[in-house]
Number of protein chains: 2
Amino acid sequence: MPSLAYDPYVHDCPSRQLLDRIGDRWTVLVIGALEDGPQRFSQLARRVDGVSQKMLTQTLRYLEADGLVLRTAHPEIPPRVEYELTDLGTSLLEPLGALLSWAKDHMGEVQASRDALASAG
Amino acid sequence: MPSLAYDPYVHDCPSRQLLDRIGDRWTVLVIGALEDGPQRFSQLARRVDGVSQKMLTQTLRYLEADGLVLRTAHPEIPPRVEYELTDLGTSLLEPLGALLSWAKDHMGEVQASRDALASAG
DNA sequence: CAGCATCCTGGATGATACTG
DNA sequence: CAGTATCATCCAGGATGCTG
């Protein structure tokens, strides 16, 4: 049994800060989109369907600041900017994968529970 | 390398639904608080510091509906209601623990990256 | 004690227009 | 193409008061 000892509601606690990041709609999606190699801004925008330019930019800036994503601007016309996961960012794929894996394995049970409660009224 | 193949932005996708749940500030905290056994409502309110009655109630209702938490109301005066993780809820502790673990192990690097960028201007 | 109902605010997010 | 700037919106979440 893993320990959740340090409380994420303590503002200074790393777990809280991580939770805040994962909380927003886009961070996880962007990281997922970058899983298979460097991507250009417009590629990401298409890949992470529904994200606005503003949000994509903001998310990428955060990830860059946190050292999870590397930004490379090529001095060309027209501009070309590529984003890729750093080693640190890549290391996050594993626990994230574990979570998605749980969802895949157990979401059926969750859905069944919802349905049961709904039909029970 | 884990696969993040199925896209969480697809509304039907389990990963998206899980993300939505974890997205809110309280779900993860409540699950964490329930890690070491059944808790009363007021205990949880104190444990998950900062949560309002409304949010705690709402979060518990969701978790109950999803089959992650079991609610037991004892017919007494004054009322006593206990919440505990189901087996399903307990199984979520593991991937969650992995994520928190990552935060613990790497948040230092993240913070260093932030500081570096900040001082660099 | 546990928990609804109501009102209200702020910040996250989107839409739009413009630029190097 | 890859952004920046600005305005508009929406609802999660907090505050408060009441009930069984």
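Each chain gets a letter, A, B and so on, in the order its sequence line appears, and its residues count up from 1. Being a predicted model, the structure only gives us computed values, none of them experimental.
Following rounding to the nearest Å, R80(B) (CZ) and dC1(C) (C1') show an atom-to-atom distance of 11 Å. One interatomic measurement links the two molecules: CD1 of I22(B) to P of dA12(D), which rounds to 18 Å at whole-angstrom precision. Regarding L29(B), its CG atom lies at a distance of 11 Å from the P atom of dG13(D), rounded to whole Å. Rounded to a whole Å, the NZ atom of K54(B) is 22 Å from the P atom of dC1(C). Straight-line distance from the CG atom of L56(A) to the C1' atom of dG14(C): 14 Å, rounded to whole Å. Separating the CH2 atom of W26(A) from the P atom of dT13(C) is a distance of 9 Å, rounded to the nearest angstrom. Look at CD1 on I77(B): it is 17 Å from P on dT19(D), rounded to the nearest Å. Rounded to an integer number of Å, the gap from CG of D24(B) to C1' of dG11(C) is 16 Å.
At the phosphate of dG3(C), OP1 or OP2 sits under 4.0 Å from a side-chain N or O atom of R61(B). OP1 or OP2 of dA2(D) lies within a sub-4.0 Å distance of a side-chain N or O belonging to S42(A). In terms of phosphate contacts, R46(A) brings no side-chain nitrogen or oxygen within less than 4.0 Å of OP1 or OP2 of dA2(D). Under 4.0 angstrom from either OP1 or OP2 of dG3(C) there lies at least one side-chain N or O belonging to R71(B). Residue R25(A) places none of its side-chain N or O atoms closer than 4.0 Å to OP1 or OP2 of dA12(C). Side-chain nitrogen and oxygen atoms of R40(A) include at least one within less than 4.0 Å of the OP1 or OP2 phosphate oxygen of dA2(D). A sub-4.0 Å separation between OP1 or OP2 of dG3(C) and a side-chain N or O of Y83(B) is present.
A donor atom on one side chain and an acceptor atom on the other are not found under 3.5 Å apart for D87(A) and T90(A).
Figure legend: R21(A) and Y62(A) shown as a cation-pi pair, the cationic atom lying under 6.0 angstrom from the six-membered ring centre and within 45 degrees of its axis.
The residues D66(A) and R61(A) are annotated as not salt-bridged, no charged nitrogen and carboxylate oxygen being separated by less than 4.0 angstrom.
Checked against dA2(D), dT13(C), dA2(C), the side chain of M55(A) finds its nearest nucleotide in dT13(C).
Note: the hydrophobic cluster containing L70(B) does not contain V30(B) (ILVMFWY, side chain heavy atoms under 4.5 Å, direct or indirect links).
Between Q58(A) and P79(A), the residue whose closest nucleotide on DNA chain C is further toward the 5' end is Q58(A). With the nearest nucleotide of DNA chain C identified for both V51(A) and P78(B), P78(B) has the one nearer the 5' end.
Within the 3.5 Å criterion, the main-chain N or O of W26(A) finds no donor-acceptor partner in the side chain of T59(A).
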